[in-house]
Amino acid sequence: MSVLVDSDTKVVVQGITGHQGTVHARQMLAFGTKVVAGVTPGKAGSVVEGVPVFDSVADSVAKTGANATTIFVPAPFAKDALLEAVDAGIRLCVIVTEHIPFHDMLTMYHYARLRGARIIGPNCPGIASPGKAKVGIIPNVVFRPGRVGVVSRSGTLTYEIVNAIKEHGLGQSTCLGLGGDPVVGTSFVDALPLFEQDPETDLVVMVGEIGGTAEEDAAEYIRHHVRKPVVAYVAGRSAPPGKRMGHAGAIIARGKGTAQSKLSALEAAGATVVTFPYEIPDAVAQLLRDRGTR
Amino acid sequence: MSVLVDSDTKVVVQGITGHQGTVHARQMLAFGTKVVAGVTPGKAGSVVEGVPVFDSVADSVAKTGANATTIFVPAPFAKDALLEAVDAGIRLCVIVTEHIPFHDMLTMYHYARLRGARIIGPNCPGIASPGKAKVGIIPNVVFRPGRVGVVSRSGTLTYEIVNAIKEHGLGQSTCLGLGGDPVVGTSFVDALPLFEQDPETDLVVMVGEIGGTAEEDAAEYIRHHVRKPVVAYVAGRSAPPGKRMGHAGAIIARGKGTAQSKLSALEAAGATVVTFPYEIPDAVAQLLRDRGTR
Amino acid sequence: MVKLTEWRGKEIFRKYGVSLPRGQVVRSPEEAERAVQAGGVPLPCVIKAQVLAGGRGKGGAVRFASTGAEAREAARAILGLDFQGEKVRELLVEEKLAITRELYVSMTLDRSQRQPVLMASGSGGVEIENVPDEQITRIPVHPFEGLSGFHKRRVIRAWGLSGPVARSADALLDRVWEVFQKEDAELVEINPLAVVGDAVVALDAKVIIEDDATFRHPQYAEVLDDRTPLEEIAREKEIAFVQLDGDIGVIANGAGITMATLDVLQQFGGRPGVFLDLGGTDDPAKVTEAFLLMARAHPKSVFLNIFGGVTRCDTVAKGLVAAMTQVPEGERFPLVARIRGNNEAEGIEILKAAGITARRELKESAQAAVAAAGYTVRDGAVP
Amino acid sequence: MVKLTEWRGKEIFRKYGVSLPRGQVVRSPEEAERAVQAGGVPLPCVIKAQVLAGGRGKGGAVRFASTGAEAREAARAILGLDFQGEKVRELLVEEKLAITRELYVSMTLDRSQRQPVLMASGSGGVEIENVPDEQITRIPVHPFEGLSGFHKRRVIRAWGLSGPVARSADALLDRVWEVFQKEDAELVEINPLAVVGDAVVALDAKVIIEDDATFRHPQYAEVLDDRTPLEEIAREKEIAFVQLDGDIGVIANGAGITMATLDVLQQFGGRPGVFLDLGGTDDPAKVTEAFLLMARAHPKSVFLNIFGGVTRCDTVAKGLVAAMTQVPEGERFPLVARIRGNNEAEGIEILKAAGITARRELKESAQAAVAAAGYTVRDGAVP
């Protein structure tokens, strides 16, 4: 299979009757995803975009065999929604909701881990494998099946880059948007082994941001464990220290987490580091050619 | 190796400067166990029974490579002691302390599980493998190396039975006392696979008590997964319902957990059920003979 | 296990904000009359015996009254009862509410899963054991996660509630969880939980606090429960001591070995009367105390069954010999002693010097204890 | 990120029972004098600017006084300061305690480990960045387990405390954990934590509350911090808006793409002045509002860089066209628009009808925006 999702992925949409939930249920269906159920407490029996709605995740799992979820419910209720999904036996939980307090996410992360479930996000675009399934909100138009893996902390920037890869005549195996919050369910270090082991991925594009040490941690992992070529880009070279740049994750604190520290670490780990996002497709194509000729 | 302990087991004694801690450190040493450290906050630098004392488990692990602990600290502090051991990287934690509130044990159990550590107990005699190591308080005199595994919810009754096995001319591979509290770190269902997989164990003696459903759960497990012969005894056939019999675990509530329900379940699962403890050695010997002749 | 009577459970509920009927604890017929006449408790009212046993309604321990005089008479009738072995000493006088539905809810421990479990049913007001399984919703609640919205929604759906009463039920469930956690409860049970207008109201309260947690809740250590006076003394001395129906005393060390001893005694026709678990001790004085306590229960014979571990055989022997000299004339009993294990030889020697012959085999010892109590020794074969 | 000034942090500390010097917030020299003369704050005292920046001591924003007149003069001197861009409007007047030692303690989040981390050092009273790593004890605290005795013992040992002051420190650490958890803090820092007699006292307080948790703590949503007035308006409209030093405005959708756009602009010689992240929206009115807000910041040029996902290109185009008609004469700006992604063609069409040419390439668009702001376009090569 591809990374984390494939054509056996059966998706629940938690918050399907909300505007975002409905829109993205439709988009996931259009992508070819098996969206098998929606959940909104008190709305059991309705149908949204042809998808049956249940009162609880447990009911939806019992009736449809769902094994993944996308969470669109508002931040104050997201923790409950995630715990519900995990307790119902869901093992892949994509949390699209933004503005979830990190104290809540700490509980959510460790609880999911205790129960053997994986969280992607929160505040993330989710995951998609062209031709197979999409769990999340990445626009359908950017994809084309291929052998480039993309893993990113950004949202829209990821779409831009994935699209650029497509326009360059290449395609993607799996694209995974981790979200840029301070506490994420899946980090680069968690995601890289999945791409490294995925037989359908030849090369990984990694899109980082300033703030935190996720890219430095990833560099350490790449150095020791990743044999596939990695193209790395980090946004925020020009950001002044201490200013909040939208994501809570994008704060430079105490001289750590700067673009420079991340870029140096990735370069030293053997990744091909590019300075601007529009340089990514060429770098990818070049590495694939090099690999082909070896 | 034998079950859970062997000659590489290096034991810390938490609460070594207390009376019980000192007595049992001495006994463990006499058994041949590698008791490498004691821990009592504020007593770093002392030596008890030739064993160096540290302020914290983390210090003791750093200095001695300890990988197991016995906890003798009083009940109100036992939770802290266990969390400390788990955070210090200890993976086998025998809790001898009795009267730990089960609400504390719930946290302790799930925290240990989250971190990949195993608890035996609380309120338990611990584990011993003759000729290798003892982590706990089972009297040294009852042992003799052999191939009978013993797993029990009782304390003294276990010593009695283990001793009877010895006096019958047989010996034990590993003897594991689980403790009889409502929430235990290791239950029959957790322990049976260890004995089933242990190449040094030919047969398992299981000693249960009334109360709870641990024996019924064990029967279910035995039916599906245990191929080695099991001799089962359950104490409390004569206990009146609703009366407290020392252990909080030994309460008959709502018609479940009776001796009869346990004995029937074990019998139906293929275990050799005996009525009185003094019948165990003969039953064991007989089964070993049968096995030998097959 | 600290079992609280209804009114004590409701005092805890009140502290946590659970809705309750107005009520008052009374200890005499006159007090009952004053409770309704002074207006603290509106009429009509219900008068309930404050005992721990269940089935009070069927057993005549719950009555209704519409006047002060009726309340007095009802109280008088109930205060006279000996309810399943418990003397009725306290009554709860409560307003009688206009009830729409009766529900059931409880929070307890699922030992196998090592998780608290919330149980709920739309069939309240009857013994939960008699409710069919499919009418009971069982929801495990992970201790790290606590009671979450989705748990509560499941219960409220099972109860078939919506609107304002559903919100009241949601708040009630949070309170149940809080009591369970913060008070170190083994059981929090409300049966029935009544729907009264737009709210749910706890008509009954069954709360059991864990003994072992009383170091955090010293107030519960003082609460009387169903212990006998001797059991109470034993508790203070930290000796596990339970009085049973028979007349042979058993002193052993450890719950398992004590139970096994009772089993064997019974099998040979004896009727065990006192269960005394020495536990782990190496203090002969504690053993002496245990023997003196046993003597006060007037057993026909006593079977001492020790396997020495933490509790060494010589410790027990010393304590026993000391006790024998202190037992008052009228409280002496025939003794059968079996001691094995750690320091067995020393223990046997000490007993021998005091004229007591120690035995080795459990079976023969049990038969001797049965005979010493005056029973005919039955065959030990299991029927 | 709601950064609280010292006195607000201390108000929280007081609520949780942390020991503090006696003190009072004042806003004028006269108030400062009264604070010490009325006896609320004993002399000698310390007078501290209530600003968010660090290094107040070295920067002259902390002064001492032994008389009321001195307090007034010190307050006057500090109130005049513009401290690292912050106007000093509030002062904290506090008693000066007899300090034995200065310690450091903080609780914050370790993102990589997904755990809170307790940091402690015996070297307090200096910027923690300047304390050598080996003098800092870092203790991860699992969120399920919370702060336990063994964590606290480690810190107290690192501080070298024992006896009554160790007990005071133990209690303080519990309070720090409580504030961190219950107030949804990103940071709780006490530097210095002073040893005063047998107790530890928080001489300073740095508390940062998480923005996203203000739904649980509405009181913090009102607290002023270091936002500019336009940033404050943006916050109310839920637009991510940050003012920087330059003069080119950037409107993009998503933090990553916005940062990438700034990077590219800077590389070609432009100086980004406003960062405006539309986020995910499909409401043209919100886009219009964002543009009007941008206009009020008077950028020399604006670079609109959209990749349509949740935010569709046509939505942005509609909002932009509506805004263009509403921007007041004096606030108009040259616009470079690049739109790609969902509904790209529709968006381009709408812009075209309004006379705006949309571009496709990031590089060329950035160069155009730099030129439109009047800068010389530099080579984009990285040095």
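Because the structure is a prediction, the values reported are computed rather than measured. Lettering of chains follows the sequences in order, A, B, ..., and the numbering in each one begins at 1.
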Checking [X] side chain against [Y] main chain: does a donor-acceptor pair fall under 3.5 Å?
| X | Y | answer |
| --- | --- | --- |
| D/Asp263 | A/Gly236 | yes |
| A/Thr156 | D/Asn253 | yes |
| D/Glu210 | A/Phe102 | yes |

Measure distances from [X] to the heavy atoms of chain D and classify the residue's part below 4.5 Å as side chain, backbone, both or neither.
| X | value |
| --- | --- |
| A/Tyr109 | side chain |
| A/Pro277 | side chain |
| A/Gln20 | side chain |
| A/Val189 | neither |

As an exercise: rank D/Gln181, D/His142, D/Gln115 by heavy-atom pairs under 4.5 Å with chain A and give me the winner.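 Option with the greatest count: D/His142.
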For [X] and [Y], which heavy atoms make the closest approach, and how far apart are they?
| X | Y | result |
| --- | --- | --- |
| D/Phe215 | A/Pro101 | CE2-CG, 3.6 Å |
| A/Pro139 | D/Gly308 | CG-O, 3.8 Å |
| A/Tyr233 | D/Ala260 | OH-CB, 3.2 Å |
| A/Ser154 | D/Gly256 | OG-CA, 3.5 Å |

Side-chain heavy-atom pair A/Glu167, D/Arg360 within 4.5 angstrom cut-off: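 In contact.
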Beyond-backbone contact of D/Met259 with A/Arg237, side-chain heavy atoms, under 4.5 angstrom: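 No, side chains not in contact.
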Leading residue by heavy atom contact count with chain D [cutoff under 4.5 Å; candidates A/Ile138, A/Ile137, A/Ile100]: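 The residue among A/Ile138, A/Ile137, A/Ile100 with the greatest pair count is A/Ile100.
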Please determine, among A/Asn163, A/Val183, A/Val141, the option with the most heavy-atom pairs under 4.5 Å with chain D.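 Option with the top pair count is A/Asn163.
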Which answer fits D/Arg114, side chain, backbone, both or neither, if we ask what part of it has an atom under 4.5 Å from a heavy atom of chain A?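 Contact with chain A involves both backbone and side-chain atoms of D/Arg114.
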Structural part of D/Asp110 lying under 4.5 Å from a heavy atom of chain A: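 Looking at D/Asp110, nothing touches chain A.
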Is it true that the side chains of A/His99 and D/Asp211 contain a donor and an acceptor less than 3.5 Å apart?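 Side chains of A/His99 and D/Asp211: no pair found under 3.5 Å.
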Look up atom [atom1] in [X] and atom [atom2] in [Y], then write down how far apart they are to the nearest 0.5 Å.
| X | Y | atom1 | atom2 | value |
| --- | --- | --- | --- | --- |
| A/Leu157 | D/Phe307 | CG | CZ | 10.0 Å |
| D/Thr258 | A/Glu209 | OG1 | CD | 9.5 Å |
| D/Ser365 | A/Tyr278 | OG | OH | 10.5 Å |
| A/Thr107 | D/Phe144 | OG1 | CZ | 6.0 Å |

Carboxylate-amine/guanidinium proximity below 4.0 Å for [X] and [Y]:
| X | Y | value |
| --- | --- | --- |
| A/Lys79 | D/Asp212 | no |
| A/Glu279 | D/Lys363 | no |
| A/Asp181 | D/Arg111 | no |

Does atom CZ of D/Arg216 have more than 12 heavy-atom neighbours, drawn from other residues, nucleotides or ligands, at distances under 6.0 Å?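 Yes, CZ of D/Arg216 has more than 12 neighbouring heavy atoms, counting only those of other groups under 6.0 Å.
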Classify the angle between the aromatic ring planes of A/His103 and D/Phe180 as parallel (below 30°), tilted (30 to 60°) or perpendicular (above 60°).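 Rings of A/His103 and D/Phe180: perpendicular, as their planes differ by over 60°.
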